[in-house]
There are 2 protein chains.
Amino acid sequence: MLTSVDTDLIRVLADPLRLQIVSLLARETLCTTHLVEETGARQTNLSNHLKVLREAGVVETEPCGRFTYYRLRPEVIESLAGSFADLAATARATAENNTKRACP
Amino acid sequence: MLTSVDTDLIRVLADPLRLQIVSLLARETLCTTHLVEETGARQTNLSNHLKVLREAGVVETEPCGRFTYYRLRPEVIESLAGSFADLAATARATAENNTKRACP
DNA sequence: GACTGACGTCAGCATGGACTGATACTGTCA
DNA sequence: TGACAGTATCAGTCCATGCTGACGTCAGTC
């Protein structure tokens with residue numbers, strides 16, 4: 001069942017740059033400088049998007065000297081993956097049962 | 001691994017109304033009139049969104065007299081669910097291994 | 001303490017997307 | 001065959017969103 005929290009999270013991930021950031025952070029914890037290098041985005045643009053991800057609770061920060069490291073919160077992605085898995089299962093069952101509401 | 005196809009699909013689903021439509025269609029095949037009733041959206045707005053979903057290949061139509069029934073294509077949601085499951089697994093492994101790139 | 005690097009914030013701008021009203025087309029019925 | 005229901009398309013409007021440049025703050029170095 002998709003909740004309004006899921007809806008907000010999907011909107012956050014709907015931006016190509018934010019989705020790229022999340023994909024990169026899924027593989028390793030990176031700092032802002034790394035992310036600028038990997039994505040090719042300008043530093044301020046990247047900061048804007050990291051703020052969106054942070055405020056959505058998708059990532060959290062870890063200061064390291066003057067660098068700021070970002071790490072993904074796996075439980076957030078796991079939860080969303082679970083919601084989509086449920087949706088997919090429901091959709092498959094409906095397709096197989098050919099569940100169809102009568103014409104009004 | 002999230003592909004650009006996934007990115008486009010996530011953008012399509014990022015709209016609250018379209019996500020609601022997809023959730024409804026996951027449970028049963030419905031016609032436009034049903035969807036107007038269930039969502040409370042205006043008919044032309046709903047048609048606009050159904051067009052977006054149709055063109056993205058998320059739903060397909062089935063004429064039934066003067067009614068148009070919409071059904072979800074479960075394989076599309078299954079594929080997306082799989083991509084998110086992979087992302088979640090990668091994220092969990094990274095968190096557990098504490099994989100962190102060195103400062104530049 | 002001055003300077004530099006890292007990075008976060010903000011205002012301004014451009015544009016893509018969502019909604020609306022109008023309208024056209026198709027199917028059904030009396 | 002005309003009226004009506006169902007639904008798709010389109011143009012116009014508005015605003016949310018993404019990007020940029022400028023700049024401020026903080027940490028590290030000399």
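Every chain is numbered from 1, with letters handed out A, B, ... down the list of sequences.
Atom CZ of B:Phe67 and atom P of D:dC4 are 17 Å apart (whole Å). The interatomic distance linking B:Arg66 (CZ) with D:dA8 (P) rounds to 14 Å, in whole Å.
Using modelled atom types, no side-chain atom of B:Thr99 and backbone atom of B:Ala95 make a donor-acceptor pair closer than 3.5 Å. Under a 3.5 Å cut-off, the side chain of B:Asp6 and the backbone N or O of B:Thr3 do form a donor-acceptor pair. Checked by atom type and distance alone, the side chain of A:Tyr69 pairs as donor or acceptor with a backbone atom of B:Cys103 at under 3.5 Å.
The aromatic rings of A:Phe84 and B:Phe84 lie parallel to each other, with less than 30° between the two planes, well short of the 60° mark.
With contacts defined as side-chain heavy-atom distances shorter than 4.5 Å, the pair B:Asp15/B:Leu19 does not qualify.
For the segment residues 35-54 of chain A, residues with any heavy atom less than 4.0 angstrom from an atom of DNA chain D are, sorted by number, A:Arg42, A:Thr44, A:Asn45, A:Asn48, A:His49. Across residues 7-33 of chain A, A:Arg11, A:Asp15, A:Arg18 each have a non-hydrogen atom less than 4.0 Å from an atom of DNA chain D (numbered order).
The pair B:Lys100-A:Glu28 fails the salt-bridge criterion, with no side-chain N (NZ, NE, NH1 or NH2) lying under 4.0 Å from an Asp/Glu carboxylate O.
For the pair A:Tyr70 and C:dA6, the criterion of a side-chain N or O lying under 4.0 Å from OP1 or OP2 is not met.
Each of A:Leu35, A:Asn48, A:Val36 was evaluated against A:Gln43; a single residue qualifies, A:Val36, per the side-chain contact (heavy atoms from CB on, under 4.5 Å) test.
When the side-chain hydrogen bond (donor to acceptor under 3.5 Å, both in side chains) test is applied to B:Glu60, no partner is found at least two apart in sequence or on another chain.
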